[in-house]
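Notes follow once the structure below has been shown.
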Amino acid sequence: MHIEIADRADLDRAETLVSLLRRPHLDRVTVTLPGLDATERERTAAIIRRLFNDCGCDWGALALVTAVAGVLVVGPSGGPAVAAAVLGCLAAAVAGKLLGLSWSRRRLLLRLRALRAVS
């Protein structure tokens, strides 16, 4: 999918695509707002594309590694404790992923809204 941001109407359309779990994957973003120089247009397009395509995996992986490290320090013993530790690690990974998606969504919306000032 390709998004071109040339005016306020394009910013409105881009904002409607920003969701927590159903953001489209963008192959290309073009920013042609008149208030930006060429370097800033390219940089802004790259940031918007990266934020749209962020899957939250970095945050999920960090949460999983932290949870596993915590389990290894505590060292659960017995079947039920190990099962609880595994479920806790999976829950941490999911929570981290959702937190990462929320964070990138917020940054994306802030970036799109900041572009309104230059359009």
Side-chain angles (χ1 to χ4, degrees):
M1 181 176 195
H2 173 246
I3 288 182
E4 181 172 352
I5 299 175
D7 55 24
R8 287 183 178 265
D10 292 337
L11 287 168
D12 291 339
R13 281 190 290 278
E15 277 190 38
T16 63
L17 296 174
V18 178
S19 74
L20 183 64
L21 298 175
R22 294 192 176 178
R23 272 181 268 178
H25 178 81
L26 298 182
D27 299 315
R28 196 171 59 148
V29 175
T30 307
V31 176
T32 57
L33 291 170
L36 302 174
D37 63 15
T39 304
E40 189 63 26
R41 288 176 183 169
E42 289 177 18
R43 188 173 82 87
T44 300
I47 290 169
I48 290 172
R49 181 175 177 265
R50 187 185 74 235
L51 291 172
F52 255 105
N53 294 339
D54 187 13
C55 65
C57 292
D58 292 341
W59 287 59
L62 178 63
L64 177 62
V65 167
T66 303
V68 168
V71 167
L72 291 176
V73 168
V74 173
S77 60
V82 171
V86 168
L87 288 176
C89 289
L90 290 175
V94 170
K97 183 173 179 80
L98 291 174
L99 184 62
L101 286 170
S102 297
W103 180 250
S104 66
R105 179 181 180 272
R106 175 154 173 73
R107 290 179 53 213
L108 179 56
L109 287 172
L110 288 173
R111 175 65 66 165
L112 291 173
R113 290 174 184 155
L115 288 175
R116 291 183 186 285
V118 296
S119 64

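Below, all heavy atoms of this structure are taken into account, side chains as well, without hydrogens, waters or symmetry copies.
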So do [Y] and [X] actually touch side chain to side chain, heavy atoms under 4.5 Å?
{"X": "V18", "Y": "F52", "result": "yes"}
{"X": "D54", "Y": "R107", "result": "no"}
{"X": "V118", "Y": "E40", "result": "no"}
{"X": "L72", "Y": "V68", "result": "yes"}
{"X": "L112", "Y": "I48", "result": "yes"}

As an exercise, state the distance from [atom1] of [X] to [atom2] of [Y], rounded to the nearest 0.5 Å.
{"X": "T44", "Y": "I5", "atom1": "OG1", "atom2": "CD1", "answer": "9.0 Å"}
{"X": "L11", "Y": "T16", "atom1": "CG", "atom2": "OG1", "answer": "11.0 Å"}
{"X": "L21", "Y": "C55", "atom1": "CG", "atom2": "SG", "answer": "12.0 Å"}
{"X": "N53", "Y": "L108", "atom1": "CG", "atom2": "CG", "answer": "10.0 Å"}
{"X": "E15", "Y": "L109", "atom1": "CD", "atom2": "CG", "answer": "6.0 Å"}
{"X": "M1", "Y": "H25", "atom1": "CE", "atom2": "NE2", "answer": "11.5 Å"}

Requested in this report: Determine, for R43 against D37, whether the closest basic-nitrogen to carboxylate-oxygen distance falls under 4.0 angstrom.
Outcome: no

Query - Under 3.5 Å donor-acceptor, R23 side chain and L51 backbone - result: yes

**Report entry** N/O donor-acceptor pair under 3.5 Å between R28 side chain and H2 backbone
**Finding:** no

Requested in this report: Would you check, one step at a time, whether the test side-chain contact (heavy atoms from CB on, under 4.5 Å) holds for L98 with V94?
Outcome: CA-CA 6 Å; L98 291 174; V94 170; 4.2 Å; yes

Query raised in the report: Yes or no on side-chain contact (heavy atoms from CB on, under 4.5 Å) for L64 and K97, after CA distance, side-chain angles and deciding distance?
Result: CA-CA 10 Å; L64 177 62; K97 183 173 179 80; over 6 Å; no

I need the minimum non-hydrogen distance between [X] and [Y], along with the two atoms involved.
{"X": "A6", "Y": "D10", "result": "N-OD2, 2.8 Å"}
{"X": "D12", "Y": "R116", "result": "OD1-NH2, 2.5 Å"}
{"X": "I47", "Y": "R111", "result": "CD1-NH2, 3.4 Å"}
{"X": "R49", "Y": "L26", "result": "NE-O, 3.3 Å"}
{"X": "V29", "Y": "A45", "result": "O-CB, 3.4 Å"}
{"X": "A92", "Y": "A63", "result": "O-CB, 3.1 Å"}

**Report entry** Other residues, nucleotides, ligands: >12 heavy atoms within 6.0 Å of R106 CZ
**Finding:** no

